[in-house]
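Worksheet for the structure shown next.
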Amino acid sequence: MVLAERPTRELSLGDIADILGDEASSLLEHRCEGIPAESLHLPGPDFVTRVWAQSDRSPQVLRNLQAILGHGRLAGTGYVSILPVDQGIEHSGGASFAKNPAYFDPENIVLLALEGGCNAVASTFGVLGAVARKYAHRIPFIVKINHNELLTYPNKYDQIMFGTIKEAWNLGAAAVGATIYFGSEESARQIVEVSEAFAYAHELGMATVLWCYLRNPGFKVDGVNHETSADLTGQANHLGVTIQADIVKQKLPEQNGGYRALNQKGSYGKFDERMYTKLTTDHPIDLTRYQVANGYMGRVGLINSGGASAGESDLKEAVKTAVINKRAGGMGLISGRKAFQRPMNEGIALLNAIQDVYRCEGVTIA
């Protein structure tokens, strides 16, 4: 299916199966046995009242969380579709927007999220501040407070603060977002910085979203990059919810066994073989279910990232990721490059296809 030819009607379960092709049966019929769905706190229309309101979060934070869950095409479902565009810093403006120079203009970023039916738009202080008075009341803003910039020579990989929590509050943000490179040499400093920032954000009534990414060349063992292993990313999520992130963003797991592999090189961390033999299998939904479980069994929502744009396969990959996340018990998708690195009408169609997966009652929890 080509994006430009996608019908305007909502995708049915049959449409979703057609897009998934040969993988449809495996992805739509799988059942998780290691961590059953009954043990999870699943997304739903009452998630704020049923789950978040039982915590120490203030009424202002709950109101902003409800504002995010109550916006866009997924309003009232408990699921979220978020447009993240911080790549102008993280990947450089030219590398990110050369395919579609219109997105050098911050207004087009917000318009894509708004017209695409997203729950929120996540971007930089500069992008959201540039159009705050026009749009902050029309779609929830998630202000990304730290970034890895690639202008320092030689390039380094470290998340540094680009603004303050008070600035985010002043421009009307419903939430703040941050990244921690867990496993990196800088992670201890980042954990302290972000935990303090999140505490202040909660004090001012804003919600918090944490990009729980792994970053260390040592995680690459025998040609496998365990920065996307379920066991290590699950533990990153577990650290993220410990500093009271309300939602955690994580890459979709591509394999498992990170702790096993790293212990071949010497003592690293701690693990239990039942993590691999009882709680999970190699199925992508089981691996993602392990990520959900590490977010306090779903009390903190898991959103998976959409990944880089790969051209004509983007629609299938986006729908596949959404199916895996939803059936695992996740809260939604945060997809950027697949949407903004193409004409706006096609970007809107892709975002709508993702949302259709969460709106489709036939795509059930595994």
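Bear in mind the structure is a predicted one, so any value in this text is a computation, not a measurement.
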Hey, can you tell me if Phe104 and Phe97 have their rings parallel, tilted or perpendicular (30° and 60° cut-offs)?
perpendicular
Any side-chain donor-acceptor pair under 3.5 Å between Ser81 and Gln355?
yes
Go through the steps for Asn325 and Tyr358 under the test side chain to side chain contact (heavy atoms under 4.5 Å, CB included), then give the verdict.
CA-CA 10 Å; Asn325 173 272; Tyr358 292 97; 2.9 Å; yes
Looking only at heavy atoms, what is the nearest atom pair of Ala174 and Asn64, with distance?
O-CB, 3.4 Å
Only counting residues at least two apart or in another chain, list the ones meeting salt bridge (Lys or Arg N to Asp or Glu O under 4.0 Å) with Arg57.
Asp246
Other residues, nucleotides and ligands only: do more than 12 of their heavy atoms fall within 6.0 Å of CD on Glu185?
no
Verify, without hydrogens or angle tests, whether Thr49 (side chain) and Asp46 (backbone) share a donor-acceptor contact under 3.5 angstrom.
no
Rounded to the nearest 0.5 Å, what's the gap from OG1 on Thr179 to CG on Asn146? Could you check?
5.5 Å
Give the ring-plane orientation class for Phe219 versus Tyr268, where under 30° counts as parallel, over 60° as perpendicular and anything between as tilted.
perpendicular
Chi angles and distances behind the side chain to side chain contact (heavy atoms under 4.5 Å, CB included) call for Leu252, Thr228:
CA-CA 7 Å; Leu252 206 67; Thr228 54; over 6 Å; no
So, the side chain of Ser92 versus the backbone of Ala95: is there a donor-acceptor pair under 3.5 Å, distance only?
yes
Are Thr321 and Asn304 close enough that a side-chain donor and a side-chain acceptor fall under 3.5 Å?
no
What do you reckon, is NZ of Lys265 surrounded by more than 12 foreign heavy atoms closer than 6.0 Å?
yes
Heavy-atom pair of closest approach, residues Lys134 and Arg138:
O-CD, 3.4 Å
Approximate separation, where rounding is to 0.5 Å, of Gln190 CD and Ile180 CD1:
6.5 Å
Residues, nucleotides or ligands: over 12 heavy atoms within 6.0 Å of Asp282 CG:
no
Carboxylate-amine/guanidinium contact Arg73 Glu10, below 4.0 Å
yes
Does any N or O in the side chain of Asp231 come within less than 3.5 Å of the main-chain N or O of Asn256, such that one atom is a donor and the other an acceptor?
no
Side chain to side chain contact (heavy atoms under 4.5 Å, CB included) between Asn225 and Lys220: does it pass, once the steps are laid out?
CA-CA 4 Å; Asn225 185 359; Lys220 298 176 182 178; 3.7 Å; yes
Check: Ser123 side chain, Val85 main-chain N or O, donor-acceptor pair, under 3.5 Å:
yes
Just to verify, what does Glu90 make a side chain to side chain contact (heavy atoms under 4.5 Å, CB included) with, not counting sequence neighbours?
Asp86, Lys144, His147, Asn148, Gln159, Tyr181
Heavy-atom pair of closest approach, residues Ala168 and Val143
CB-CB, 4.0 Å
Closest contact, heavy atoms only, Arg189 versus Ile160:
NH2-CG2, 4.2 Å
Heavy atoms of Ala353 and Val319 approach each other most closely as CB-CG2, 4.3 Å
For a quick test of reading the model, state the closest non-hydrogen atom pair linking Val363 to Val357 and the distance between them.
CB-O, 3.9 Å
Neighbour count >12 (heavy atoms, 6.0 Å) for atom CD, Gln60:
yes
Atom pair CD/CD1 of Glu203 and Ile165 - distance to nearest 0.5 Å
11.0 Å
Between atom CG of Asn237 and atom OG1 of Thr242, what is the distance when rounded to the nearest 0.5 Å?
10.5 Å
CG of Asn155: more than 12 outside heavy atoms within 6.0 angstrom?
yes
Please check this pair: side chain of Gln291 against backbone of Ala230, looking for a donor-acceptor N/O pair closer than 3.5 Å.
no
Glu317 and Lys338: salt bridge (charged side-chain N to carboxylate O under 4.0 Å, His left out), yes or no, with the steps?
CA-CA 9 Å; Glu317 290 304 311; Lys338 283 182 170 62; over 6 Å; no
For Pro84, which residues count as a side chain to side chain contact (heavy atoms under 4.5 Å, CB included) partner, sequence neighbours excluded?
Ala122, Ile334
Could you state the interatomic distance from CG (Leu150) to OH (Tyr157), rounded to the nearest 0.5 Å?
6.0 Å
Main-chain N/O of Ala366 paired to Arg289 side chain as donor or acceptor, under 3.5 Å:
yes
Separation between CZ (Phe125) and OG1 (Thr164), nearest 0.5 Å, reads 5.5 Å
Polar contact flag, side-chain donor to acceptor under 3.5 angstrom, Tyr135-Glu107
yes
Quick check against the 3.5 Å criterion: does Ser55 have a side-chain atom that pairs as donor or acceptor with the backbone of Trp52?
yes
Determine whether a donor-acceptor pair (N or O, by modelled atom type, separation under 3.5 Å) exists between the side chain of Thr281 and the backbone of Asp286.
no
Between Ser195 (side chain) and Val192 (backbone), is there a donor-acceptor pair under 3.5 Å?
yes
Atom CZ of residue position Arg299 - does it have more than 12 heavy atoms of other residues, nucleotides or ligands inside 6.0 Å?
no
Could you tell me whether a side-chain N or O of Glu149 sits under 3.5 Å from a main-chain N or O of Thr152, the two making a donor and an acceptor?
yes
Less than 3.5 Å apart, any donor N or O on the side chain of Tyr200 or Lys166 sitting next to an acceptor on the other?
no
